[in-house]
Each structure stands twice: as C-alpha cells, then as structure tokens.
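Contents: one structure, followed by commentary.
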2 protein chains.
Amino acid sequence: MKITMKDIAKEANVSVATVSHVVNGTKHITEEKHKRIMDIIRKYNYIPNSTAKNLRKKTTMTAGLVVSSFPDSFVTEMVYGIEERAREMGYNLLLVNTNENRDYEEETVNLLYSKMVDGIILSPTSNDIDYLNAYTENGFPIVLVNRSSPVVKNAPSVTGDNFQTGYDATTHLIKHGHKNIGFIYAVPDVSTTNHRIDGYKTALAQANLPFNEDLLELGFATVNGGANAVRSLLAREKDITALFIQNDLMLVGVISKLRELSIKIPEDIALIGFGDFASSTIIDPPITNIVLPPETIGRTSFDVLMSKINNPDYSKHIELPPTLIVRKSCGC
Amino acid sequence: MKITMKDIAKEANVSVATVSHVVNGTKHITEEKHKRIMDIIRKYNYIPNSTAKNLRKKTTMTAGLVVSSFPDSFVTEMVYGIEERAREMGYNLLLVNTNENRDYEEETVNLLYSKMVDGIILSPTSNDIDYLNAYTENGFPIVLVNRSSPVVKNAPSVTGDNFQTGYDATTHLIKHGHKNIGFIYAVPDVSTTNHRIDGYKTALAQANLPFNEDLLELGFATVNGGANAVRSLLAREKDITALFIQNDLMLVGVISKLRELSIKIPEDIALIGFGDFASSTIIDPPITNIVLPPETIGRTSFDVLMSKINNPDYSKHIELPPTLIVRKSCGC
DNA sequence: GATTTACGGTAAATGGTTTTACTAAGGAGG
DNA sequence: CCTCCTTAGTAAAACCATTTACCGTAAATC
C-alpha cells in the first residue's frame, strides 16, 4: 500500500500540515520535530504524490509537446532541444506525435489541457487550426514551433526564417546560372513550405526569371518519396538543371534516382538540400545544404513558453536565420 | 476562470454525481436530463480535470519514458515506436532524456513515480541500477528497453539480440578472411555493448582466432568521436583489416578519416556499421550494416508494459534478432 | 395486496496534498 | 503585571473529480 503524508503524520504524532511544511520548507519547524519527521520519511521512502499537489496548486510543472512529423530528423533535433531546456527548468514533457493528422492534433490539445499541463508547445499539422483560439483567448499558454499559422491569435511562435531559407538557396542556384530550378517538398499547406516557396518566388522575380508552378513537386518524406518525386518532376520538366530538396530522406532518394538515370551531380543537375545531416560530407559529391538550427529553435521555444506562462501578454514571433553550407553538390 | 463539474451541475440543477455519470456513461440518466447537461457542457466547452480524476482513480493513463541517449537515431526510432503504440492504447508519454547520467536517471524515476505514471519504460544508463529494485519489488511496473541489466529483478525487458549482432557481424568479416577486426563503440558498461563484445569474442573463438583487447576502442557517439577513435585505434594496431562500428555518426567520422588517410574501403579496411540509416545506400562504397528493429523494439516494449501493468507477475525477456544487410563496405 | 426489483437520482466520503486562519505559549518591552 | 509580538503547530477548507451507499418511486412478481 502506498504511503501518504497522513501516514507519516500519524507515526510522527504531528499534523499533516507540519509534515507538508517539513517536506516543502514552507515554515520553520523545530529541529527535534523536523528530524523526527525526516527520519520517518526516509524510513518509509515516502515520495509525495504530485497529482494531489498539482490539483491543489493548479500547476503541474509539465508542458505538452505536440509535434506533427516525428521522427523527422529536424523535428527530432528540435524535440531534443525542447526536452533539454525543459529539464533545465525543472519541467517535464508530455510528448505526442500527431503524424500530420489535424483531428488528432485537436483531440490531443484537449487531452493535454485536461491533464492540466502548464502550457503547450505545438508544431501544427496545417494552417487550419483556429480551434486553438478557444484556448489562447482564454489565456492558456500555447506556443507554435517550427510551423506558424496566421489564424491563431495570442500565441507566440518560434520558427526558422523559411522565407530567407527559400530565398537564399534559390539565389545561390541562380548565381550559378540556373533558370529552371525544381522545388521538392513533403508537406503542403504549412508555413515552412509556403514561406520557402515565397522565398523561391521572390528570388526568381528579383532575377527577372519567370515562376513556373510545375517546377514544384510534392512527395512523401521518405527515400522512395524523393525518388518518385524527382522521377515525375523530370518526366514533366525536361529543362531542369537544379533541385532544391526540403527533406534529407527525400534527398537520398533523389540522389539514388539521378544516379540510376545517369544524371551527373552537379554537372547535369545541381542540388541543394535542407538540414545538415551527418553524411552530407561523405556523399559524392558532398551536399550543399541550407540549414536552420533545430536545437536552438527548440530551446528558444521553451523559453518563450516560460515567458508566456509568466506573462500572458507576451507575444513575440521569433524567426531564426538560415545558413548556407556550401559544398559541392551545387556546383561550387 | 476554469469551469468545473460543480458549475455544470449548478446550472443544470442536478448533483455533480449526475454530471459525472453523464460524462462517463457510468449510469443511465433520463434522456431529458442527459440532454440538458450535455448542452451546458458544450455551451461552456467543459473539459473534465484529469488531475482530479487521476487522484481519485489512482491511474493516469500516462507512462514514463526514460531514455539515455536521445537523439541517437536508433533511440529516436525506438521512441517513435513506443509513442505510436502508447497512442494507440490511449496512453500518454512523459519523455525524459537522461543523457547517460545515472544520478539523473534515478531522480527521474522518482519524479515520474511521484507523478503517478502507471509504469515506466526505461533505457538505463548503466548496469548499476539496483535502486530500481525498490520500485519493482513493490510491484511498480518498470520495463527495460534496448539495454537490460542483470541487477534488476522483476522487470521484463525488450532488447535486440546484441550477442547475435556482435557474433553475426564478426563472423561475416571472418569469412572474408579478416583476423584483426577493430570494434568501435560509444557506451561502456551497458548490455548492448557488452553483449556485442561477447558475440564478437565468441565468433573469434569459434574461428580459433585470438581475442585482442586492444582492438576495442571507445569513443564519443559523434562524427568526430568516430574519426578520433579510428585514428587512435589505427595508430595502436597497424594490422587491422576490418572495423565493426556501433554507431552511425561514428561511422561517418570513420569513413572521413579513412579517406583522409587514403585507406581504401573495403580493399584496405572493410567496414560493417550498426543500424540502417538512409544514406548507407548512396555512400561510396554502400555500407554493410547489421540492424536491429528499433521501432519494433519500441512497440513491443509498450505492449510488455501493458502486460506488466495488467499482470504483476508478468516477466519476460524478449530479444529481437538482428539482420545483416550486405552491401559493399564489407568487401562482398 | 404484499413483496421484490429496477430505476433515477443524490449526499457524502474519498483521493493526497497545500494553505489559510487560528491557537497557545513564550519572550520582550514598558 | 499587562500588552504586543513572534513562533510553532494545527484544524479545516480547498482543489475537482469518482464512487458508494442509500432513498424514494414505480413497476413487476407471486
């Protein structure tokens, strides 16, 4: 049978209040009683019941973390950063992966709310998440991470600067003389993709190059997804000389497929990938990537959640800048 | 202000018990009252407080997941499997990464216990975890995953068959004529490493080859860690003709370093890696890996936790077999 | 017609803690 | 000696739900 504060109090011949004060140091208790109580606590290896404590204190020191595409490598690193920062701040994390399912996301937020988490860090499945406003407008702290959404009010966000990401990658390829740049992506209708496409378009426009919608290719975020995407893209658009690929797994598929088709990288088709994964350096040719800092995004988002919890008016949209890591696949 | 069952009851002119019965379907309530109550619940968007519920019911539908080396790719896939299975079973997961810190692991188990999780899935930092027995002997459900430990009683485990992993990889290299096989690993004093070394030794013994302790090299589980490990290993042992590397990041470092030293793979040194990561196929030469199924290990471990929760006597040690994925780096 | 049984509903206890408001006792100051 | 603080300790309320035990009433059974 589980031992409670009441049991300790009884054995020590004091009130539960006194035991509570000893446990939490909320009031000075005479040396003698303090020792007596502590001895009994240790004797029984008493561990206070946080659930009861949470109920009373209306706080759980737990945050919800809702991600949409675990275990994508970017998301994984981000989760790592969030978990680490949470741990440093004495918080625990309730992790849920929605697998890009919007309805399940909504259910999950409900569930986490009912579990009385102190706040939620959410990487939404889509832009269509106005259900969140019911929470945020009531002052429940929610911060958007990685992906943002224009429809939700009163929720700070921490993301990469995806416009700049699309812009920088595209501009770099344009500088190499490319005019027909394929854009391969994995998730439609989310800010990450949309903003990168905006950046892509803007870079083209600034170079007086036309935007061709057919150069955009959606695929699954897997190796095969990448292979299939590049196959159908190349079948449709013969003049492509460069590819900007938004996902590391897809990139592997793309490379396989290009080799299979005896298309040389970067001579025939230049490549820029997204996200710095370890083997980029040892692939032939070494891959040029544009990267955003997932761990920093994660850590920052937790800090923002803390700010939001402590100050309901807190409202910032933080965008972290990308870095282009130039190697050989872009033709440099 | 948060709305409670009491508020609903008041507005509906019924007792809280009745509201509870409507919410949980625990008793039949007349159509008319049922509707009246449900309408009010919807009107206020009432969400029951799980903390109060948990306190009363002594169960939280939440499990603790304590991993030691997130975001290692194997562990990440495993976490994915666990999370997915938990979700399917209506459970939530409290995720904590101990970063190979044994003391923090102990603290964490305490914390999770106090949070009244229904059980814990733990990937321990070391073999030295007898503190766990205080929990398991009291019937608190703990299952060990990925790594097991001989000192903890009454805790089922789900791991890969690491003995076989070490044995199969080594045997394969021996068949290619290799006699001096380096073994590069990242974590000392854990079952995964120890069992693989046992398998390595057994394979050597069966081939009447001597075991040389100096062929074992410990390094950090990073790209640089791999590069450093292979450098110091080769400086010490000139005759090495094959390497078995336990970690994908280290493998990348090893390949970089070997190329830097103009050592050809597999002609000069053959390679077997652990774990199937996507780019294995596009690296030159394609990497031969021995793999264990992290997602299945994860899913299974959650099922085992369910079994343990429902039956305190449940006690199984499940080991999943490895598969050798032969490509070119081993010289095949 | 007497006795069960079923049904709908509720009061109150319960879960384990925190926290407020109060008491009693001892000490200081005048 | 009286008053005023301070201090150590405690009783009880609060947190928000679930669940047991019970109470009428009406229907069913013999």
Side-chain angles (χ1 to χ4, degrees), chain A residues 1-38 40-41 44-62 110-118 138 140, chain B residues 1-38 40-41 44-62 110-118 138 140:
Chain A
M1 206 213 50
K2 231 170 215 171
I3 164 148
T4 72
M5 212 169 242
K6 208 168 157 186
D7 301 324
I8 304 290
K10 200 172 185 181
E11 179 140 346
N13 249 318
V14 296
S15 73
V16 292
T18 307
V19 177
S20 174
H21 286 132
V22 165
V23 168
N24 299 295
T26 29
K27 205 167 208 180
H28 186 258
I29 304 293
T30 43
E31 176 103 15
E32 179 254 333
K33 273 204 173 111
H34 189 280
K35 181 176 182 325
R36 192 162 84 229
I37 292 169
M38 282 309 289
I40 296 172
I41 285 178
Y44 289 107
N45 192 22
Y46 164 70
I47 298 178
N49 181 322
S50 299
T51 304
K53 177 176 180 162
N54 294 342
L55 180 59
R56 183 62 232 255
K57 302 202 33 160
K58 290 166 171 284
T59 168
T60 55
M61 295 299 276
T62 302
N110 250 272
L111 183 63
L112 291 176
Y113 179 83
S114 88
K115 291 210 168 187
M116 265 178 60
V117 296
D118 295 344
N138 267 315
F140 181 65
Chain B
M1 205 214 49
K2 231 170 214 170
I3 164 148
T4 72
M5 212 169 244
K6 207 167 156 187
D7 302 324
I8 304 291
K10 200 172 183 182
E11 179 140 347
N13 248 318
V14 295
S15 72
V16 291
T18 307
V19 178
S20 174
H21 287 132
V22 165
V23 168
N24 299 294
T26 29
K27 205 167 206 178
H28 187 259
I29 303 294
T30 44
E31 176 104 15
E32 179 253 333
K33 272 202 174 114
H34 189 281
K35 182 176 182 323
R36 192 163 84 228
I37 292 170
M38 282 309 290
I40 295 172
I41 285 177
Y44 290 107
N45 192 22
Y46 165 68
I47 299 178
N49 181 322
S50 299
T51 304
K53 177 177 180 163
N54 295 342
L55 181 58
R56 186 65 233 262
K57 303 203 20 163
K58 288 168 172 283
T59 168
T60 54
M61 294 299 276
T62 301
N110 249 273
L111 183 63
L112 291 176
Y113 179 83
S114 88
K115 291 211 169 187
M116 266 179 59
V117 296
D118 295 343
N138 268 314
F140 182 65

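In what follows, every chain begins at residue 1, and chains take the letters A, B, ... in the order their sequences are listed.
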Item to complete: Report which part of the nucleic acid B:Thr4 touches: base, sugar-phosphate, or nothing (heavy-atom distance under 4.0 Å, all strands).
Response: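 Touches sugar-phosphate only.
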Discussion item. With rounding to the nearest 0.5 angstrom, report the CG to OG1 distance, B:Asn54 to B:Thr51.
Written reply: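 So the CG of B:Asn54 and the OG1 of B:Thr51 are separated by 6.0 Å.
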Fill in: Gap separating the NE2 atom of A:His34 from the NE2 atom of A:His21, nearest 0.5 angstrom
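Going from the NE2 atom of A:His34 to the NE2 atom of A:His21 covers 12.0 Å.
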Fill in: Residue pair B:Lys2 / B:Asn49, side-chain heavy-atom distance below 4.5 Å
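The answer is no; the side chains never approach within 4.5 Å.
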Practice prompt. State whether a side-chain donor-acceptor pair under 3.5 Å links B:Thr59 with B:Asp118.
Written response: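 B:Asp118 and B:Thr59 do have a side-chain donor-acceptor pair below 3.5 Å.
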Discussion item. Between B:Thr62 and A:Lys115, is there a side-chain donor-acceptor contact under 3.5 Å, judged purely by atom types and distance?
Written reply: yes
Fill in: Backbone of B:Lys53 reached by a side-chain donor or acceptor of B:Ser50 within 3.5 Å
no
Discussion item. Determine whether a donor-acceptor pair (N or O, by modelled atom type, separation under 3.5 Å) exists between the side chain of A:Ser114 and the backbone of B:Ile47.
Written reply: no
Discussion item. One character per nucleotide, please: for nucleotides 6-11 of chain C, 5' to 3', B when the base has a protein heavy atom closer than 4.0 Å, S when only the sugar-phosphate does, - otherwise.
Written reply: --SBBB
Check salt bridge (Lys or Arg N to Asp or Glu O under 4.0 Å) between [X] and all other residues, then give those that pass, not counting sequence neighbours.
X: A:Lys35; result: A:Asp39
X: A:Lys58; result: none
X: B:Glu31; result: none

Worksheet item: chain A on DNA chain D: first and last contacting nucleotide, 5' to 3', under 4.0 Å to a heavy atom?
Response: D:dA8 to D:dC16
Item to complete: Go through residues 50-59 of chain B and report each residue with a non-hydrogen atom lying under 4.0 Å from DNA chain D, sorted by number.
Response: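 Nucleic-acid contacts, sorted: B:Ala52, B:Lys53, B:Arg56, B:Lys57.
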Discussion item. Expressed as a whole number of angstroms, how long is the span from A:Asp7:CG to C:dG16:P?
Written reply: 8 Å
